[in-house]
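This chain uses plain numbering: 1 for the first residue, then up along the sequence.
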Amino acid sequence: MAEPEPQLLLAVGLIEKDTNGDALWVWCYPSVTAELRSLLLRKCCLTDENELLHTFVFGQYKRSWFYITTVEVQDSPALKKVTHFSIVLMAKDFNPEKYAAFTRILCRIYLKHGSPVKMMESYIAVLTKGICQSEENGSFLSKDFDARKAYLAGSIKDIVSQFGMETVILYTALMLKKRIVVYHPRIEAIQEFTRTLPALVWHRQDWSILHSYVHLNEEEVEALKACTGYIAGFTDSEVNSRPDLYDVYVNLADSEITVSPLVKEAMTMGKLHKEIGQLIVQSAEDPEKSDSQVIKEISLKTKEVLATLASLTEASDGNEKPTLNSEALKQKRFPPATENFLFHLAAAEQMLKI
């Protein structure tokens with residue numbers, strides 16, 4: 001059973017930048033740990049030297065999502081000493097559109113009243129009823145934002161138009177639950193790209209692998225390393241010289257994909273990959289097809305691959321997953337790259353006897 005809607009919100013917070021140029025935590029409800037406060041200060045862009053304003057950013061840290069909307073204060077009598085502020089929401093679910101809409105309403109309330117009290121009223125209304133309504137600041141209804149819509153919001157077609165046949169490298173890495181690091185100097189480009197990647201393995205519908213905004217900070221790197229497979233976005237080019245963090249490195253700015261020598265064997269491409277790559281490219285290049293149709297076609301091909309794998313398994317004791325029968329795999333005499341891929345896929349799906 002799905003978790004009741006109101007239980008998804010975890011916390012709301014407010015960060016302000018004053019006329020002296022200092023960015024500080026001003027308020028949060030309920031409490032937020034010191035570790036999380038320093039993380040969110042790093043993410044909100046008000047502590048940056050370069051003065052670039054990122055109106056909305058999102059990411060994940062230790063299985064909680066953060067969503068931050070930042071605005072410049074202009075002509076607000078209630079906030080005379082504040083130049084900018086960020087509204088932070090922490091939640092259990094991935095849904096950027098939902099929380100962007102809600103933080104925008106909270107921003108309007110704060111600009112008008114200059115006090116967290118009114119914001120807290122709206123937060124509690126959404127927490128308890130899933131809705132907040134006001135004529136002047138707009139209405140928000142949680143139920144309007146379906147998780148599936150959030151999963152389909154990115155564009156697979158854009159990814160394929162940038163990377164063409166190389167998209168199959170990303171597909172293979174995701175299927176094998178490898179670690180993908182994406183670099184681009186612009187956070188907006190990273191977020192758009194990384195949020196779309198899990199759709200390449202639609203059968204899992206697992207966006208918990210997404211860490212769309214990571215800094216090369218010790219705590220963040222350690223938290224990332226604790227995950228098995230992931231997609232992690234960085235705006236710091238230094239990440240290129242951190243091979244301990246990735247199996248596949250995507251330089252989004254230069255449209256380059258690099259496979260780490262450590263996973264070259266598992267990621268060997270063959271006839272099957274070429275077939276999948278061609279299917280992805282042909283489907284994505286069809287102007288008649290929507291992004292969700294492209295995702296569906298890739299997913300159908302994935303199901304074929306998984307069905308082939310399932311036919312080579314044997315029931316194991318008790319209620320455990322069936323395991324791969326290595327002899328049955330060898331007898332099929334698949335091309336070496338296909339056999340290799342199926343073996344590593346079985347490992348990723350925890351279907352190998354240990």
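Criterion: ILVMFWY side-chain heavy atoms under 4.5 Å apart, direct or through other members. Under it, Val26 and Phe85 are part of a common hydrophobic cluster. Leu141 and Leu106 sit in two unconnected hydrophobic clusters of ILVMFWY residues. Membership requires side-chain heavy atoms under 4.5 Å apart, directly or through other members. Hydrophobic clustering (side-chain heavy atoms under 4.5 Å, transitive across Ile, Leu, Val, Met, Phe, Trp, Tyr) groups Val32 together with Leu46. Taken together through direct or relayed side-chain contacts under 4.5 Å among Ile, Leu, Val, Met, Phe, Trp and Tyr, Leu24 and Val73 form parts of separate hydrophobic clusters. Taken together through direct or relayed side-chain contacts under 4.5 Å among Ile, Leu, Val, Met, Phe, Trp and Tyr, Val201 and Leu306 form part of one hydrophobic cluster.
By the 4.5 Å heavy-atom criterion applied to side chains, Trp27 and Val12 are counted as neighbours. Side-chain contact check for Asn240 versus Asn251: every heavy-atom pair is 4.5 Å or farther apart. When side chains are defined from C-beta on, Phe341 counts as touching Val305, because their heavy atoms get closer than 4.5 Å. Pro198 has its side chain out of reach of Asp206: every pair of non-hydrogen atoms, C-beta onward, lies at least 4.5 Å apart. At least one side-chain heavy atom of Phe66 sits less than 4.5 Å from a side-chain heavy atom of Leu39. Within the 4.5 Å cutoff, the side chain of Phe343 has no heavy atoms near those of the Phe334 side chain. Contact of the Val126 side chain with the Ser142 side chain is registered, since non-hydrogen atoms from C-beta on lie closer than 4.5 Å. Between Ile109 and Ser122, the closest side-chain pair of non-hydrogen atoms falls below 4.5 Å.
Checked against a 6.0 Å centroid threshold, the rings of Tyr99 and Phe58 do not count as neighbours. In summary, the aromatic rings of Phe193 and His184 are positioned with their centroids too far apart to meet the 6.0 Å limit.
Of all heavy-atom pairs between Glu288 and Gln293, the closest is O-OE1, 3.8 Å. Counting all heavy atoms, side chain and backbone alike, Ile187 lies closest to Ser212 at CD1-O, 3.8 Å. When all heavy atoms of Ala153 and Glu192 are compared, the closest pair comes out as O-OE2, 4.4 Å. The nearest pair of heavy atoms linking Trp25 to Arg37 is NE1-O, 2.9 Å. Residues Ser255 and Gln162 approach most closely at OG-NE2, 2.9 Å, considering heavy atoms. Heavy-atom minimum distance, Ala284 versus Lys157: O-CE, 2.8 Å.
Judged purely by atom type and a 3.5 angstrom limit, Ser64 has no side-chain atom pairing as donor or acceptor with the backbone of Gln60. Distance alone, capped at 3.5 Å, places no donor-acceptor pair between the Arg195 side chain and the Leu210 backbone. Without hydrogens or angle criteria, Arg204 side chain to Met175 main chain gives a donor-acceptor distance under 3.5 Å. Proximity of a side-chain donor or acceptor of Asn217 to a complementary backbone N or O of Glu219 within less than 3.5 Å is detected. When atom types are taken as modelled, the side chain of Asn95 and the backbone of Phe145 share a donor-acceptor pair closer than 3.5 angstrom. For the pair Thr194 (side chain) and Ile190 (backbone), a donor-acceptor distance under 3.5 Å is present. Here the side chain of Gln191 pairs no donor or acceptor atom with the backbone of Tyr213 at under 3.5 angstrom. For Thr83 (side chain) and Lys17 (main-chain N/O), a donor-acceptor pair under 3.5 Å exists by modelled atom type. Counting only distance, with no hydrogens or angles, the side chain of Glu314 and the backbone of Asn325 share no donor-acceptor pair below 3.5 Å.
Using a 4.0 Å cut-off between charged nitrogen and carboxylate oxygen, Lys332 and Glu339 do not count as a salt-bridge pair. A salt bridge does not link Lys62 to Glu222: none of the charged side-chain nitrogens sits closer than 4.0 Å to a carboxylate oxygen. Look at Lys301 and Glu297 and you find no salt bridge, because none of the NZ, NE, NH1 or NH2 atoms lies under 4.0 Å from a carboxylate O.
A distance of 11.5 Å separates CD1 in Ile280 from CD1 in Ile295, rounded to the nearest 0.5 Å. Expressed to the nearest 0.5 Å, how far NE2 of His344 lies from CG of Leu352 amounts to 9.5 Å. Atom CD of residue Glu220 and atom CZ of residue Arg42 lie 4.5 Å apart, to the nearest 0.5 angstrom. Here the straight-line distance linking atom CE of Met269 with atom NZ of Lys264 works out to 10.5 Å at 0.5 Å rounding. Atom CG of Leu127 is separated from atom CG of Leu8 by 9.5 Å, given to the nearest 0.5 angstrom. In this structure, Ile276 CD1 and Leu200 CG are separated by 11.0 Å, a value rounded to the nearest 0.5 Å.
Using the six-membered ring where Trp is involved, Tyr123 and Tyr29 have ring planes that are perpendicular, over 60° apart on the 30 and 60° scheme. Using cut-offs of 30° and 60° on the angle between ring planes, the pair Trp207 and Phe94 is parallel.
Between Ile156 and the choices Thr167, Asp291, Leu197, the side chain to side chain contact (heavy atoms under 4.5 Å, CB included) rule is met once, by Asp291.
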How far apart are the C-alpha atoms of Leu324 and Leu342, what are their side-chain angles, what is the distance that settles it, and do they pass the side chain to side chain contact (heavy atoms under 4.5 Å, CB included) test?
CA-CA 9 Å; Leu324 179 71; Leu342 289 171; over 6 Å; no

Full working for side chain to side chain contact (heavy atoms under 4.5 Å, CB included) between Met351 and Thr313
CA-CA 8 Å; Met351 289 161 72; Thr313 59; 3.3 Å; yes

What do the steps show when you test Leu9 against Phe102 for side chain to side chain contact (heavy atoms under 4.5 Å, CB included), and what is the final call?
CA-CA 11 Å; Leu9 277 167; Phe102 187 31; 4.2 Å; yes

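Other members of the cluster containing Phe234 are Val181, Tyr183, Val214, Leu216, Val221, Leu224, Tyr230, Val239, Leu245, Tyr246, Tyr249, with ILVMFWY side chains joined at under 4.5 Å, either directly or via other members.
Under the side chain to side chain donor-acceptor pair (under 3.5 Å) criterion, the residue pairs touching residues 66-75 are Thr69-Thr103, Thr70-Ser86, with sequence neighbours excluded. Within the structure, the side chain to side chain donor-acceptor pair (under 3.5 Å) test picks out the following pairs touching residues 170-180 (sequence neighbours left out): Tyr171-Thr302, Arg179-Asp247.
No side-chain donor from either of Lys43 and His54 sits under 3.5 Å from a side-chain acceptor of the other.
Summarising the local packing, CD of Glu97 is surrounded by more than 12 heavy atoms from other residues, nucleotides or ligands at distances under 6.0 Å.
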